[in-house]
Amino acid sequence: MILSTTLEFCIFIYLLIFSFSYFTLHSCCLLYLCFDNAGQFFSSGHTNNWAVLVCTSRFWFNYRHVANTLSVYRSVKRLGIPDSHIVLMLADDMACNHRNPKPATVFSHKNMELNVYGDDVEVDYRGYEVTVENFLRVLTGRLPPSTPRSKRLLSDDRSNILIYLTGHGGNGFLKFQDSEEISNVELADAFEQMWQKRRYNELLFIIDTCQGASMYERFYSPNLMALASSQVGEDSLSHQPDLAIGVHLMDRYTFYLLEFLEDIHPASKTNMNDLFKVCPKSQCVSTPGHRTDLFLRDPGSVLITDFFGSVRKVEITMETINLTDPIKQKPKQKDWHPPDGFILGLWTLILLVFFKLYGMKHLKHIF
Amino acid sequence: LALKLNVLKRGQLAALSIAAVVIIVGVPLWWRTTETYRAWLPVNQINELANLQLQLSADVEVVFARGTVTPEQQKKVPLTQTQDEEHTVDEDTALRYRYETKYRTATIMEEDALNQPTAAEADLSLHTLSESPCGSLVVYVIPESSTLLPEDVDVYIGQRRTALLRIGAQMRVGRTLEQLLAHLEPRIKQVLQVMSFSHTDITAALSDRVRLSPGNKESIADSMRAFKSSPGYEITFSLLNPDPKSHRVHWDIEGAVQTYIQPLLTKLAPLANFSIDSQTLYYAMLGVNPRYDSSRSAYTLNSDSLAHVINPVEARLGSNAASSNPVLNFLLYVPDAHHSPLHIHDHKKQEVLSNAFHSPRWGGIMVYNVNGFYGPEAVFPVDININMAKVMGVFLAQLRLLLGVQSSAPPPGFLVAPCSSTGLADWELDRLMWSRTVENVATATTTITSLAQLLDQIGNIVINDNIAQQVSSAVTSLQLAVAELEAGNLGFALQYSKEAILASERAFFDPSLLHLLYFPDDQKFAIYIPLFLPMCVPILLSLLKIVSEARQKRRERQAKKD
């Protein structure tokens, strides 16, 4: 009788279906969100992020390497990793170089659009401190006890570390500051020592040099993922010269890597497979390579923010402790000091007595 | 001709003597000067330690109160039972749990104590009678008719190391001592799982050594949340005031730390050193915009946006540059006047009572609303005194979680006493000490064995005397720690394990152990050949000539004889 007309009946059925579907969809959504959050908590297994960014060149004509490193530094800071968790190693001789037409700046785009030096750059190892020895010491943790906290890599077994190297390299080595080299075997051994001491949960290694793929050939520790800008036998090329500054501003691979990272924000869900597609041969001229066989998780499930950003896991504090009346405290006993001026008066007295005893003629020797 | 022979002979003598000097003096000298100094390491003992066999012993005293055993049975009690449980974790690690249970009847004074009206008072007076040592437990078995425990509760876990266990109903009529003991055994084991070490805890503590396949989600969350064992921790309390123009916030942090936090830290002193500092940050905003919820007329932060709150703040927090200890940050945020009151909502959009959240291995943040302290006509800036008891209650709970005090729900029928004023029960401290000791022993053995392996593999690293001494002392401390664990002396075991970890870390991270001497074989040849070949070639050739001449002479002599 209520649903006498067919129209009313239709509307009723429609409302029923609509509310039912809305309800199930909504609860499904909620469940998915819940699971997604919980799944995210457990899938990556890390609680903090670190970044070690190294520029291994010095001299004015290697401007682009410093600009590379500073651009990655900016992105990593923007996505949330604080300075206390970034170890930045630069020769730092670009911004205040005599040849820099715009002092205190390092640009990464043509037409000087983006000053990556800024005013809050925190360089941890600068100038001649950027050596193979210091780099390996930072990685393995074998620093002298006097090293301050900001120069240490204080990672634990739940840290995801991003390591970015750029400079001039060759087949199996990377040149540091034009005077020494690090070989791929030493690098692989350093990572193995990090693994033995459980100093990382997962490690992403990016290298932008000529023949960069040779540097990750020898890795053998678990949970390492590596990206390189060029294969063995190929050169990594630079991107664009700026006619006002007079040098090339950036390398191609890092330039396109940055363009990719500018679209990432702390809540984005882009994964590593997209990162592998950055800078194809048409844009980069060299063939970027990557290595994921040592990595336990599938790269498609690894978020970019797992390494480049610092998304914290949080839990709501459900319980509190009932603290009842505080214990009555004795007032803290302050150390007794003699009243002000007492010591001054005491000394004046001593001097007066001395001069009275031995005569006033000694006074003129003092005043 | 004689002169020529003389010259020839002199030449041969010269060549032979040069060769002799080179071989006898030169080669050993070169060997000794190019070898690296490697002090002796106790490699055999290290290899023994690589195979870790841990035995954990716990002492349990089961006291029968009046009414639980008949007088004839009382004569058979006291007795002692020992139980062993073996677990093999992986091919290098094996665990054995030994429970030594001593049964006895209660003394007069204990009976008096058990006659108190409530379980909490009974617990208190039992504690005044005797203090159990670290790592041991006392279980008082009370009759079923006892009124100490409420109806549905069978076990009461006290604040110290005692538990009250109510005998089951089926044990009322005509049972033997063996039946009684058989009935009690699983229940006492259940109590042990809660109050003493459990297998899941110990295997979680071994995670450094053994990468286990992920168990249930709770255990992973627990292992990710708590800080790893470290000789020291730094605790920083920060007050964030984004709106000093409206609120002048005062907090008696020194007094609060002294009253509420220090007792807990003093209790935890055997585990680690704690250093506390505090700071106030002005104009420190949260990185997230809270949404206004008109139904509750309050601003809300939902749980998804909480993750993004921490990073912008962390950049301003700072830390003590002198130490490398892990830092626990506790932040108290007083929302600005325009965004008050600010509530945190969980996944189900319910308001969180504590108004606080924490991040694993980092610290906690609490939002303290002050809009209730003043009316709309107040003159800004308003003076506000923070209720430190409420704030410290939340921070204390977060501190317990972050330090690894498990908060899993007890099994049904169990009643756990509420936290004492220190915030930590004695048995919780014992649990922490068990897992920390095992963790320290596991980490130290892994460090020492991997260091030995590393030094063995790379022949070019110099091993100084101080490193050898650290390694030896680490090995000694480890052996002592394992022995004390077997004996059941938890305090000493923890101390030795801490010494072992300190020594092993110092040895592993010594700055002189840097391997920068990677010489591939072709480089070695390239260095030595130009040095030694020009010198060796004439000597070798002259030696060959001497040998061939001697052979020729012998042939001539043979020919002459014939």
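Residue contact with chain A, scored on non-hydrogen atoms closer than 4.5 Å, involves the side chain of B:V352 exclusively. Contact of A:L143 with chain B is made through the backbone alone, with heavy-atom distances under 4.5 Å. Only the side chain of A:D156 comes within less than 4.5 Å of a heavy atom in chain B; its backbone stays farther off. Only the backbone of B:N325 comes within contact range of chain A, with heavy atoms under 4.5 Å apart. If you measure heavy-atom distances from B:H358 to chain A, the contacts under 4.5 Å come from both the backbone and the side chain. B:T449 does not touch chain A: none of its heavy atoms, backbone or side chain, sits under 4.5 Å away. Using a 4.5 Å cut-off between heavy atoms, B:L317 does not touch chain A at all.
Once rounded to the nearest 0.5 Å, the distance linking CZ of A:R152 with OG of B:S324 reads 4.0 Å. We find the CD-CG distance between B:E314 and A:N48 to be 9.0 Å, quoted to the nearest 0.5 Å. Here CD of A:E315 is found 4.0 Å from CZ of B:R225. Values are rounded to the nearest 0.5 Å. Taking NE2 of B:H308 as the reference point, atom NE2 of A:H265 lies at 9.0 Å (rounded to 0.5 Å).
Heavy-atom pairs under 4.5 Å with chain B peak, among A:P82, A:P144, A:P266, A:S310, at A:S310.
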Using salt bridge (charged side-chain N to carboxylate O under 4.0 Å, His left out), reason through B:K228 and A:D157 one step at a time and then give a plain yes or no. CA-CA 9 Å; B:K228 295 221 58 97; A:D157 64 324; 3.7 Å; yes
Should A:Q196 and B:L454 be marked as a side-chain contact (heavy atoms from CB on, under 4.5 Å) after you check the CA-CA gap, both sets of side-chain angles, and the distance that decides it? CA-CA 10 Å; A:Q196 287 285 331; B:L454 176 80; over 6 Å; no
What do the steps show when you test B:T446 against A:R198 for side-chain contact (heavy atoms from CB on, under 4.5 Å), and what is the final call? CA-CA 10 Å; B:T446 323; A:R198 299 286 184 268; 5.6 Å; no
For B:L306 and A:I316: C-alpha separation, side-chain torsions, deciding distance, then whether side-chain contact (heavy atoms from CB on, under 4.5 Å) applies. CA-CA 9 Å; B:L306 288 177; A:I316 309 278; 3.8 Å; yes
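Here the side chains of B:L513 and A:Q193 are not in contact, with every heavy-atom distance at 4.5 Å or above.
For the pair A:R142 (side chain) and B:F508 (backbone), a donor-acceptor distance under 3.5 Å is present. Using a distance-only test at 3.5 Å, with no hydrogens or angles considered, no donor-acceptor pair links the side chain of B:S354 to the main chain of A:T320. The backbone N or O of A:I81 sits nowhere less than 3.5 Å from a side-chain atom of B:N311 that would complete a donor-acceptor pair. A distance-only check finds no donor-acceptor pair linking the side chain of A:T47 to the backbone of B:P360 [under 3.5 Å]. Side-chain atoms of A:R312 never come within 3.5 Å of backbone atoms of B:I310 as a donor-acceptor pair (strictly under, hydrogens ignored).
Enclosure of atom OH in A:Y128 is not indicated, since only 12 or fewer non-hydrogen atoms of other residues, nucleotides or ligands lie within 6.0 angstrom.
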